[in-house]
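Encoded as structure tokens, the structure appears first; notes follow it.
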Protein chains: 2
Amino acid sequence: MSAAAGAERAEGLVEGRSVARRGRPRSEEVRARIFQATIELLEERGFKELTIEAIAERAGASKVTLYRWWPGKAALATDAFLGVAGPLAPFGHTDSALVDLREQMVSQMRVLAGRWGKIIAGLIAESVFDPEVREAMRTRWLEPRRAEGRKVVERALVDGELRAGTDPEVVLDALYAPLYWRLLLGHAPLHAAFARQVWSAALLGIATDAARARLERPAKAKR
Amino acid sequence: MSAAAGAERAEGLVEGRSVARRGRPRSEEVRARIFQATIELLEERGFKELTIEAIAERAGASKVTLYRWWPGKAALATDAFLGVAGPLAPFGHTDSALVDLREQMVSQMRVLAGRWGKIIAGLIAESVFDPEVREAMRTRWLEPRRAEGRKVVERALVDGELRAGTDPEVVLDALYAPLYWRLLLGHAPLHAAFARQVWSAALLGIATDAARARLERPAKAKR
DNA sequence: ATTCCGAAACGGTACGTTTCGTATTCGATG
DNA sequence: CATCGAATACGAAACGTACCGTTTCGGAAT
């Protein structure tokens, strides 16, 4: 709710039609300057060192204006980031849903390794502490991407590329968690090759045929 | 360095032998009370709401004493947690290294779902912001566990349970990242079953035999 | 009349530091 | 063995700083 702030006062939406409100309208220019300053400071200092006062100063705005539209720096930062971070890494539509998944993983990896990576890591980390950030990141960042991914996984199931009974949620966690994990921890590089390795491991499995045969029937049945 | 603080002043270590220093020795009782208070407050309020002043008050200690031994709340919290979080989830040693991995994943999942889960999540999140916390968590929490896991993975390779050429680092990320991912995001429950599903997916693969055959030779070669 | 923006000031919290008095140990001296 | 001084630790109090989130006021735009 507060995460989607930055509107709904000078201009109300009633049944889709914009209703002109009385009084001075909100300055879109100030709003833009605030977002600009927020993104800049987010890149320069990171979320932890970000302060409302610094944003106000750089944006040439008043603290009061910031607090009028956002409850705090967490909501403002998520709003600013989610505003500029639109599609970013869409899915393709080749013959194979599995290949589409792989290519999107590679794209996603490039996003995480690039300019937005630090900001994304900071917001995800902050979401551990702040329920509003968690909600915003979940509904506006992760879930939209998961929804797309879920569709692709389900297509793979329908097409017989994935084993029947496979849980799409588990698939999505298994594929994407390692990418974010390396982003957050920074214990290993964020190469595109890593995304492909994870994809390959999850899809084909890493066990040998011998081990696979043994594991699929844990009992010592010969056949 | 500061993470392993809390010693090395009143009692120096010279070539392994403890050398008596002059002056009043450090009070182990105060140290214990500080750790106790830190853990309590960490569980009650979480890392974000933790303050040095609250710790000092509950421990009946002086702020000066805290700042003498730790540079800030991050170092103190990691020290306190890592002090009590010892082995926690060891590996077994059955015939199959893969089974050992699975069982340890289930144990680890129980740890994450339990009393320490919130604290661990907070410290990992903080590690995104604070390089010292990252270093401490990496070298004292993750890496020891990874080292154990790496040995088990290598045993699986030697035993022919894993395909030759499999990168142990990728395996560890693929297996454990999803568990921590759910801990951090909280978008899905932390059931033991999930750990088994991830294990199973990574080991056996989730692709159907038909898709597997196609993916293993991307060219349209018939044979 | 209503709503917005900016400037300034405010009380509050926690930070990290300094100062001071006191307590506890060691080493040296007698 | 007893005592003294140096060194180190602990606690209490106070301090300046940074940023928080809020209030008040004056002016601007519909």
- prompt: B:Phe47 ring centre to B:Lys118 NZ or CZ under 6.0 Å, with the angle to the axis within 45°?
  reply: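 Output no; distance or angle outside limits.
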message: Is the positively charged end of B:Lys151 above the ring of B:Phe91, judged by distance under 6.0 angstrom from the centroid and angle within 45° of the axis?
response: no
field: Protein proximity profile, nucleotides 25-30 of chain D - base contact B, sugar-phosphate-only contact S, no contact -, cut-off 4.0 Å on heavy atoms
entry: --BBBB
Residues [X] and [Y] bridged, charged N to O under 4.0 Å:
| X | Y | result |
| --- | --- | --- |
| A:Arg150 | A:Glu143 | yes |
| A:Glu44 | A:Arg58 | yes |
| A:Asp100 | A:Arg155 | yes |

- prompt: Is any side-chain N or O of A:Ser62 closer than 4.0 Å to OP1 or OP2 of C:dA7?
  reply: no
Side-chain N or O of B:Trp69 closer than 4.0 Å to phosphate OP1/OP2 of D:dA9: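 So the side chain of B:Trp69 is outside the cut-off, no N or O lying under 4.0 Å from OP1 or OP2 of D:dA9.
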Earlier contact from the 5' end, DNA chain C, for B:Gly72 and A:Gly60: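 Here A:Gly60 is the residue nearer the 5' end.
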query: What nucleotide, of C:dC5, C:dG16, C:dT19, holds the atom closest to the side chain of B:Tyr67?
result: C:dG16
message: Heavy atoms from C-beta onward define the side chain here; which of D:dT24, D:dC10, D:dA13 lies closest to that of B:Val64?
response: D:dA13
Rounded to whole Å, please give me the gap between [atom1] in [X] and [atom2] in [N].
| X | N | atom1 | atom2 | value |
| --- | --- | --- | --- | --- |
| B:Arg68 | D:dA7 | CZ | P | 16 Å |
| A:Trp70 | C:dC4 | CH2 | C1' | 13 Å |
| B:Glu28 | D:dC10 | CD | C1' | 14 Å |
| A:Arg31 | C:dC4 | CZ | C1' | 15 Å |
| B:Ile34 | D:dA9 | CD1 | C1' | 12 Å |
| B:Leu66 | C:dC15 | CG | C1' | 13 Å |
| B:Glu29 | C:dA23 | CD | C1' | 14 Å |

query: Hey, is the main chain of B:Val99 close enough, under 3.5 Å, to the side chain of B:Trp199 for a donor-acceptor pair?
result: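 Answer holds: no.
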task: Please name the pair of heavy atoms, one in A:Ala85 and one in A:Trp141, separated by the smallest distance, quoted to 0.1 Å.
output: CB-CZ3, 4.0 Å
field: B:Arg33 or B:Lys63, whichever maps to the more 5' nucleotide of DNA chain D
entry: B:Arg33
field: Pairs meeting criterion salt bridge (charged side-chain N to carboxylate O under 4.0 Å, His left out) with involvement of residues 82-91 of chain A, two or more places apart
entry: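 Passing the test, one end in residues 82-91 of chain A: no pairs.
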task: Within residues 43-53 of chain B, find the residues that approach DNA chain C with a heavy atom at under 4.0 Å, and present them sorted by residue number.
output: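 Per residue number, the list reads B:Thr51, B:Ile52, B:Glu53.
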message: Parallel, tilted or perpendicular, judged at 30° and 60°: which one describes the rings of A:Trp181 and B:Tyr180?
response: parallel
- prompt: Base, sugar-phosphate, or nothing for A:Ala54, non-hydrogen atoms under 4.0 angstrom?
  reply: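 No contact at all - A:Ala54 keeps every heavy atom at 4.0 Å or more from the nucleic acid.
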